[in-house]
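What follows is a short report on a single structure.
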2 protein chains.
Amino acid sequence: MYVCSMYTSELIKGTLKTIVLTLLKENGRMYGYEITQRVKDLTDGKIQITEGALYPTLHTLEKNGEVGIEEEYMGKRVRKYYTLTEQGQVTAREKINEFADFISTMKFLLDLQPKPGHA
Amino acid sequence: MYVCSMYTSELIKGTLKTIVLTLLKENGRMYGYEITQRVKDLTDGKIQITEGALYPTLHTLEKNGEVGIEEEYMGKRVRKYYTLTEQGQVTAREKINEFADFISTMKFLLDLQPKPGHA
DNA sequence: TTGCAATACTTAAGTTTCTTATGTATGTTT
DNA sequence: AAACATACATAAGAAACTTAAGTATTGCAA
């Protein structure tokens with residue numbers, strides 16, 4: 001079994017939006033810092049989303065109408081909670097399906113598994 | 001079942017070296033154009049490696065000592081056949097294992113599958 | 001026989017997406 | 001009170017790809 005503390009960053013590229021949209025779909029609403037910690041916990045530290053990558057991505061998702069924001073103050077400190085819009089839910093499904101199909105294709109290509117079905 | 005003609009390019013980023021090294025591992029030796037066609041055929045056109053991406057990657061792999069070159073002339077037209085060096089074979093194995101581990105982690109994170117084993 | 005498509009390689013410019021680094025500010029723990 | 005964690009923002013740079021243009025040979029069809 002292959003063991004590593006963290007993936008080369010190349011692999012994670014292109015999956016950030018998919019991860020964020022999926023977590024929001026599963027958890028209803030989350031704030032940015034929470035997302036970084038959740039991903040770190042769920043993956044035993046193998047995937048660590050940096051804030052420099054996450055926050056700009058969240059801003060882009062908002063501009064594109066995929067997520068909405070609610071600000072909440074915990075004492076004096078602001079938290080920005082993000083929730084999927086209807087469009088965001090559609091995009092989340094699409095991204096997840098696309099990724100599932102992609103890894104199926106890659107598994108076949110890398111000879112890790114029989115050819116995926118065409119059904 | 002999700003159907004698409006081609007993946008958004010983001011997903012493919014970071015997997016190109018893995019694909020190239022794996023194909024060379026499986027096929028012994030290949031030339032650049034052959035790699036692009038093989039990937040297109042094997043994936044029913046879902047993954048199309050552009051020459052602008054492939055050739056620089058091959059040059060980098062050569063600089064890093066992962067692959068060796070043999071030039072052959074088919075008539076007047078040159079073909080550059082690439083083969084894995086010993087180091088390239090090690091890297092190929094590592095890349096494949098890393099990718100397999102990555103998709104296992106991602107499947108869990110995207111709730112597509114139970115948590116991967118730690119064995 | 002000419003013109004188009006396929007084969008086969010190269011490389012430069014531009015874009016996207018991430019990393020690295022820095023900045024601001026509050027809350028908690030030792 | 002120092003250090004660490006929480007919580008956001010953003011700018012500069014790097015990496016990996018796309019797009020595009022170029023060179024040249026070969027094969028096929030009209």
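Note on naming: letters A, B, ... go to the chains in the order of the sequence lines (proteins, then strands), and numbering restarts at 1 for each one.
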Base dT26(D) paired with R77(B) side chain (donor-acceptor, <3.5 Å): no
Quick one: [X] [atom1] to [N] [atom2], roughly how many Å, whole number?
X: E51(B); N: dT7(C); atom1: CD; atom2: C1'; value: 9 Å
X: K76(A); N: dT28(C); atom1: NZ; atom2: C1'; value: 16 Å
X: N64(B); N: dA16(D); atom1: CG; atom2: P; value: 10 Å
X: E70(A); N: dA7(D); atom1: CD; atom2: C1'; value: 17 Å
X: K80(B); N: dT7(C); atom1: NZ; atom2: C1'; value: 15 Å
X: I69(B); N: dA8(C); atom1: CD1; atom2: P; value: 16 Å
X: Y82(A); N: dA9(D); atom1: OH; atom2: C1'; value: 10 Å
X: Q48(B); N: dT19(D); atom1: CD; atom2: P; value: 11 Å

Donor-acceptor contact present, side-chain Q48(B) to main-chain G45(B), <3.5 Å: yes
G65(A) backbone acceptor or donor facing T85(A) side chain under 3.5 Å: yes
Cluster link V90(B) to V20(B), ILVMFWY, side chain under 4.5 Å: no
Below 4.0 Å: OP1/OP2 of dC17(D) and any side-chain N or O of K13(A): no
Under 4.0 angstrom between Y55(B) side-chain N/O and dC9(C) OP1 or OP2: yes
Beyond-backbone contact of F102(B) with K46(A), side-chain heavy atoms, under 4.5 angstrom: no
Side-chain heavy-atom pair D101(A), T105(A) within 4.5 angstrom cut-off: yes
Side-chain hydrophobic cluster, 4.5 Å single linkage: members besides Y73(B): V78(B)
Contact nearer the 5' end of DNA chain C, comparing H59(B) with G52(A): H59(B)
Contact residues, residues 14-37 of chain A to DNA chain D [heavy atom, < 4.0 Å]: Y31(A), G32(A), Y33(A)
Pairing residues for L84(A) by the side-chain contact (heavy atoms from CB on, under 4.5 Å) criterion, not counting sequence neighbours: L21(A), L24(A), K25(A), V67(A), Q89(A), A92(A)
Touch class at under 4.0 angstrom, heavy-atom based, for R79(A) against every strand present: sugar-phosphate
